[in-house]
Amino acid sequence: MAADLHTRYMAAHRTWADHAADCGTCTTTQPNCPDGAPLWERLVRLQDAYLTHLRNKKGTS
């Protein structure tokens, strides 16, 4: 599960970074176009899930 979550998180990051680099309105930290918003939301959801997993794994919240 953790490896799969990490893989999905990293893929979402690459997808977002590629979009942000090519998009004229999005920045690396903020979506500013209709195509970028869902990519950003996916990245944020997966990042939160992965960080939660790491905290739970270490026993800290």
Which residues satisfy the side-chain contact (heavy atoms from CB on, under 4.5 Å) test with D48, sequence neighbours excluded?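 Counting only residues at least two positions away or on another chain, D48 forms a side-chain contact (heavy atoms from CB on, under 4.5 Å) with V44.
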Could you tell me which residues satisfy side-chain contact (heavy atoms from CB on, under 4.5 Å) with D18, sequence neighbours excluded, listed by chain and number?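 side-chain contact (heavy atoms from CB on, under 4.5 Å) list for D18, sorted by chain: empty.
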Might you confirm whether atom NE2 of H19 has over 12 heavy atoms from other residues, nucleotides or ligands at distances under 6.0 Å?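 Enclosed: over 12 neighbouring heavy atoms sit under 6.0 Å from NE2 of H19.
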How close do [X] and [Y] get, heavy atom to heavy atom, and via which atoms?
X   : Y   : result
C33 : T25 : CB-OG1, 3.5 Å
L39 : W16 : CB-CE3, 4.0 Å
P31 : C26 : CA-SG, 3.7 Å

Give me the ring orientation class for Y9 and H6: parallel if the planes are under 30° apart, tilted from 30 to 60°, perpendicular past 60°. perpendicular
If the condition is side-chain hydrogen bond (donor to acceptor under 3.5 Å, both in side chains), which residues does E41 pass it with, not counting sequence neighbours?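 E41 satisfies side-chain hydrogen bond (donor to acceptor under 3.5 Å, both in side chains) with no residue once adjacent residues are dropped.
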Between atom CZ of R42 and atom CZ of R8, what is the distance when rounded to the nearest 0.5 Å? 6.5 Å
CH2 (W40) and OG1 (T27) are apart, to the nearest 0.5 Å, by 7.5 Å
Criterion side chain to side chain contact (heavy atoms under 4.5 Å, CB included) against Y50, the qualifying member of L46, L54, T52: L54
